[in-house]
Amino acid sequence: MLVLLVFAALIGGAVGFALGLLQGWLAALLAAQAGAACAVGLVILLGMRR
């Protein structure tokens with residue numbers, strides 16, 4: 001489960017960073033952090049349903 005959370009954070013952070021990079025570096029960093037948090041939260045919510 002921990003490995004899945006780490007990969008979700010990496011993928012969510014990468015997607016957020018790529019989308020936020022158009023607005024500037026600070027927006028990219030904030031979007032990466034938000035993307036990682038959303039991805040980890042989604043994995044946790046889906047994992048609790050099982």
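The cluster map of Ile, Leu, Val, Met, Phe, Trp and Tyr, joined by side-chain heavy atoms under 4.5 Å apart, puts V15 and L22 in different clusters. In terms of hydrophobic clustering, with Ile, Leu, Val, Met, Phe, Trp and Tyr side chains grouped at heavy-atom distances under 4.5 Å, L10 and L4 are assigned to different clusters. Grouping the Ile, Leu, Val, Met, Phe, Trp and Tyr side chains by contacts below 4.5 angstrom, directly or via other members, places V40 with M1. Note on L29: it clusters hydrophobically with W25, by side-chain heavy-atom contacts below 4.5 Å among ILVMFWY residues.
Nearest approach of G20 to A31, heavy atoms of both residues: CA-CB, 4.1 Å.
For the pair L21/F17, a side-chain contact is recorded, criterion being any heavy-atom separation below 4.5 Å from C-beta on.
Considering only residues two or more places apart in sequence or on other chains, A8 meets the side-chain contact (heavy atoms from CB on, under 4.5 Å) condition with A39, V43. When the side-chain contact (heavy atoms from CB on, under 4.5 Å) test is applied to A36, the partners found at least two apart in sequence or on another chain are A9.
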